[in-house]
Amino acid sequence: MSTESLNRECILIVDDEPANLKLLDKMLRSQGYQSLVLVDDPRLVVDLYRITQPVLILLDINMPHLDGYQVMEQLKALNDPLLPPIVILTAQHGKDYLLRALAAGARDFIGKPFDRNELLMRVRNLLDAQMAHRLMYDQKTVLEDMVQARTEELRRTRLQIVQRLGMAAEYRDEETGNHILRMSHSCALLARAIGWSEADCDLILNASPMHDIGKIGIPDAIMLKPGKFEPHEWEIMQTHAAIGGKLLEGDDSTLMCMAREIALTHHEKWDGSGYPNGLAGEAIPQSGRIAALADVFDALTSVRPYKKAWTVEAAVDLIKDNKGRHFDPTLVEVFLQELPGIVAIRERFAEPVAPG
């Protein structure tokens, strides 16, 4: 910053003696300092500080109403990361007195009566230091903004990949991407209803679309078969959960960890009769239990090449019948309470009507 620019920066001078204020004003203006705010009542300092944003404060210690220590406490309480240096104006030179001022936040001292050359040199040095500090702070802020923007870009890119992977698996199953929209939004609704944080609800919203990613590894002859599976075909079909877990492992991001957890466990059942690992009860991750309920409801109420869509009532009856067997009983109760919202999601992301 140029000398001319520096001289335009505000300096706040606080002293209850008008003669001292007048003298300091004259000394500093003689060197080109243009923006000087003179304060003879220390009770006004904080308000004036907020208005003027000074780069340097010259502060007397012995004043009525508030002494210099109390003024420094008030300024420190503002938690301003760019709090300017404070120079104590004092006629006292005792060691304890000076140490107390330093401990309170003072950066330097100027003795009374004022020595003009000493005053001007200390003011210039502290202004240079404060300008350097401000420049570093501004650069740090710019860098943090750049990192945040880049992080957000990477997050969006990762979500785009996640969503497209989920849609790829659904198209492989001759379903549209609307299933994963309905299923993932229902997962987020249920998670919110049981007290998950907004961040975790957003996580399951974006992780659950990959629940069936493992279907990519199932042969066409089985994956696209319109009728009922033979026992050996069903065994192969069940491997899609383990395949999904394998595909999604190796990334320690919270998003991919939850996506893997859901892909691997959304076919586990509360009574332990599910696959691939026969987990039971709370040994099944809660994300997997939520996804299981949301996935089954939407599958039942959707048209498939091998079946007609069930009514909401019929699907709800099946879920009630499987409470404590297939599904977490507590989650079933929450599902029933939140059913209007889930039906609204179903209608919001309904399949497009084919032209006819």
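The model shown is predicted, which means the values in this text are computed figures rather than measured ones.
- When each of Val87, Asp108, Leu56 is paired with Arg122, the side chain to side chain contact (heavy atoms under 4.5 Å, CB included) condition holds for Asp108 and for no other.
- Within the 3.5 Å criterion, the main-chain N or O of Met27 finds a donor-acceptor partner in the side chain of Ser30.
- A salt bridge links Asp47 with Arg50: the closest approach of a Lys/Arg side-chain nitrogen to an acidic carboxylate oxygen falls below 4.0 angstrom.
- Applying the side chain to side chain contact (heavy atoms under 4.5 Å, CB included) test to Glu73 and every residue at least two apart in sequence or in another chain returns nothing.
- Contact check on Lys228 versus Glu233 returns no salt bridge, with no Lys/Arg side-chain nitrogen under 4.0 Å from an Asp/Glu carboxylate oxygen.
- Classification of Arg289 and Glu268 as a salt-bridged pair fails, no side-chain N sitting under 4.0 Å from a carboxylate O.
- The line from CD1 of Ile13 to CG of Asp60 is 12.0 Å long, rounded to the nearest 0.5 Å.
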Evaluate Leu24 against Leu38 for side chain to side chain contact (heavy atoms under 4.5 Å, CB included), listing each step before the verdict. CA-CA 9 Å; Leu24 290 167; Leu38 310 180; 5.9 Å; no
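- More than 12 heavy atoms of other shown residues, nucleotides or ligands fall within 6.0 angstrom of atom CD in Gln53.
- For the pair Glu333 (side chain) and Thr330 (backbone), a donor-acceptor distance under 3.5 Å is absent.
- The residue from His179, Arg182, His267 that alone fulfils the side chain to side chain donor-acceptor pair (under 3.5 Å) condition with Asp295 is His179.
- Residues His266 and Asp212 are in side-chain contact: their nearest non-hydrogen atoms beyond the backbone lie under 4.5 Å apart.
- Here Met223 contributes atom CE and Asp220 contributes atom CG; the two are 9.0 Å apart, rounded to the nearest 0.5 Å.
- Counting heavy atoms from C-beta on, the side chains of Phe349 and Ser186 never come closer than 4.5 Å.
- You'll find the side chain of Arg124 stays beyond 4.5 Å of the side chain of Gln31, heavy atoms only.
- Side chains of Gln74 and Tyr49 form no contact here, defined as non-hydrogen atoms less than 4.5 Å apart.
- A donor-acceptor contact shorter than 3.5 Å is absent between the side chain of Asp200 and the backbone of Leu203.
- In this structure, Phe327 has its ring center no closer than 6.0 Å to that of Phe335.
- Screening Asp15, Leu23, Thr90 against Lys112 for a side chain to side chain contact (heavy atoms under 4.5 Å, CB included) leaves a single residue, Asp15.
- Side-chain contact between Leu248 and Leu264 is absent, with no heavy atoms from C-beta onward closer than 4.5 Å.
- Note: the hydrophobic cluster containing Val45 also contains Ile61 (ILVMFWY, side chain heavy atoms under 4.5 Å, direct or indirect links).
- Put simply, the side chain of Val334 does not reach to within 4.5 Å of the side chain of Leu293, judged on heavy atoms.
- Taking the side chain as every heavy atom from C-beta outward, Leu190 and Ile194 never approach each other to under 4.5 Å.
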Side chain to side chain contact (heavy atoms under 4.5 Å, CB included) evaluation trace for Met63 with Glu17: CA-CA 9 Å; Met63 297 180 289; Glu17 292 290 340; over 6 Å; no
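- Taking NZ from Lys22 and CG from Asp40, the interatomic distance works out to 14.5 Å, rounded to the nearest 0.5 Å.
- Leu255 and Leu205 sit in two unconnected hydrophobic clusters of ILVMFWY residues. Membership requires side-chain heavy atoms under 4.5 Å apart, directly or through other members.
- Applying the side chain to side chain contact (heavy atoms under 4.5 Å, CB included) test to His326 and every residue at least two apart in sequence or in another chain returns Lys269, Val296, Asn322.
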